[in-house]
Novice: 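Could you have a look at this structure, given as structure tokens, before my questions?
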Amino acid sequence: MAETLLRDMPAFKALEAHYSEIEKKHMRELFAADPKRGETFAISAEGLYFDYSKNRITAETLKLLLQLAEESGLKAKLDAMFSGEKINITEDRAVLHVALRSTPDQVINLDGVNQVPLVHEVLDAMSAFSEKIRSGEWKGYTGKPIKNIVNIGIGGSDLGPVMAYEALRHYTQRDLTFRFVSNVDSTDFVEATHDLKADETLFIVASKTFTTLETMTNANSARAWALAQLKDDAAIAKHFVALSTNAAAVSKFGIDTANMFGFWDWVGGRYSMDSAIGLSTMLAIGPDQFKELLAGFHSMDVHFQTTELSKNLPVILGLLTVWYNDFFNAQTVAVLPYEQYLKRFPAYLQQLTMESNGKHVTLSGHHVDYETGPIFWGEPGTNGQHSFYQLIHQGTKLIPCDFIGFFETLNPLGDHHKFLMSNVFAQAEALAFGKTPDELKAEKVPEALIPHKTFEGNRPSNVILADKLTPEILGKLVALYEHSVFVQGCIWQIDSFDQWGVELGKVLANRIIPELSSDSELKHDSSTNKLIELYRAKNK
Ligand code: F6P
């Protein structure tokens, strides 16, 4: 059956007409018209309180957005994902990250094989290994326990592990040191290892493909670094483990596949932090708390699959993103965690959202005639308030914001938490309602300053709150965004699970590598030729 193009959908057309009305409305009016708006547009579910009342929407907007989800076949598409259909059509793969957090009694068949026992087998192996390292039972080559763990990986094999380690630091075993090496820039490896001793260090080489240039270069340097101190190839088995789908390449690298924790091609890199790629997380917080993290993911999966669309957290979050992206022409979304432990959460979301939905053709290969994935960015509050918030409040761009905060802090200290959270509430309030020239006049602000001090307001935000940051809540938050990305991709009719756009740069870099250390004739454009010539001249 031919797909109905997004612009031809009745709900999309209706939203276009509706937008021209909403565009003129201020949130001040919307709140005045409904004294209970703050509660009407809020969902309390899964331990999260999601206040989306400070958005430029009415009940009619929501109705039309939900209709758009229905017309886009969201329900059928999400069921197809959960049941293992090969919805990543350009790679002919299933998309089953939900199986990674399945309960042992579930059955998720792929090509006639239930994947759930396979997942739990790996989890059990990871747990046994983690216990050995954490207890000191696992001895390094010289008989000492492991004190340092260095995860080597990039993209999904780094951002999930590093984000989760930082997010859950409060729950980690503090006598273990964790470092994360991703960049092929040697500085990353050198700085991560400069104060470590090889006989107390475990390297985790995390790579789905086990071919990624950055990771293999760092892994080779790690092996050379370890061998320079330990002077015996037999030491590698005690100090290196691999997380991969590619057993042959792991073996070729010299890591015994007995020390490999596997996963499957149906786990996308950016959806892999709860697969074997999460080994560093499990080492840090222990198997039991890792299970709580998985339980959080799972419970959001169930919510997404079973909750009616109008009360469904990822659905509403995803539809709001579509609303601003496609109708208001907003180019970005700011994610602003008011929780220091979530400092790498925006960076994690950048890969999740932008590698997933940075696509310009539909599933059937047609160039889209609407906007797809917005730019995600952010920093922890309140730091952002003293740098880029000026533009969000008074610039010319519309930047929908997601504020994330917690009722309780994990580190009570004087009035810090009160000050922190007052800023979440104040920022969302200021963005929505602003400050009018009349209010400024009443405050006797000089006439000349009134334009400068006016806050137009009407700038949208979501506020997402939870009791406190726990492994379970982190799982829920990540799954919330994962499924929100799915909702957006479904509306935009794109393949959210491939990433062909990263290939060309890799191919060209591979072509340039030998050229940097030879005098061969250069056949690039005049700019690239000159840049390479300058490099050659400085590195003779
Ligand atoms: O280049 C992009 C990418 O393929 C990501 O999708 C992936 O997370 C990353 O590289 C790392 O890949 P791998 O785990 O295979 O080393």
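Computed from a predicted structure; not experimentally measured. One-based numbering, in listed order, for ligands and for the atoms of each.
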Novice: Both conditions, 6.0 Å and 45 degrees, for the charged tip of Arg93 above the ring of Phe497: are they met here?
Specialist: no
Novice: List the protein residues in contact with ligand 1, where contact means a heavy-atom separation under 4.0 angstrom.
Specialist: Ile154, Gly155, Gly156, Ser157, Ser207, Lys208, Thr209, Thr212, Gly269, Gln351, Glu355, Gln499, Val502, Lys506
Novice: Taking atom NZ of Lys530 as the centre, report whether more than 12 heavy atoms of other residues, nucleotides or ligands fall under 6.0 Å from it.
Specialist: no
Novice: Main chain of Thr103, side chain of Gln106: is a donor-acceptor contact present, judged purely on distance under 3.5 Å?
Specialist: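 At least one qualifying donor-acceptor pair exists.
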Novice: Do the side chain of Arg134 and the main chain of Leu283 share a donor and acceptor less than 3.5 angstrom apart?
Specialist: yes
Novice: Using a strict cut-off of less than 4.0 Å between a Lys/Arg side-chain nitrogen and an Asp/Glu carboxylate oxygen, indicate whether Arg179 and Asp195 qualify as a salt bridge.
Specialist: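 Here Arg179 pairs with Asp195 in a salt bridge, since their nearest N and O are under 4.0 Å apart.
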Novice: Is there a donor in the side chain of Tyr165 and an acceptor in the side chain of Asn151, or the other way round, less than 3.5 Å apart?
Specialist: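 Distance-only check fails for Tyr165 and Asn151.
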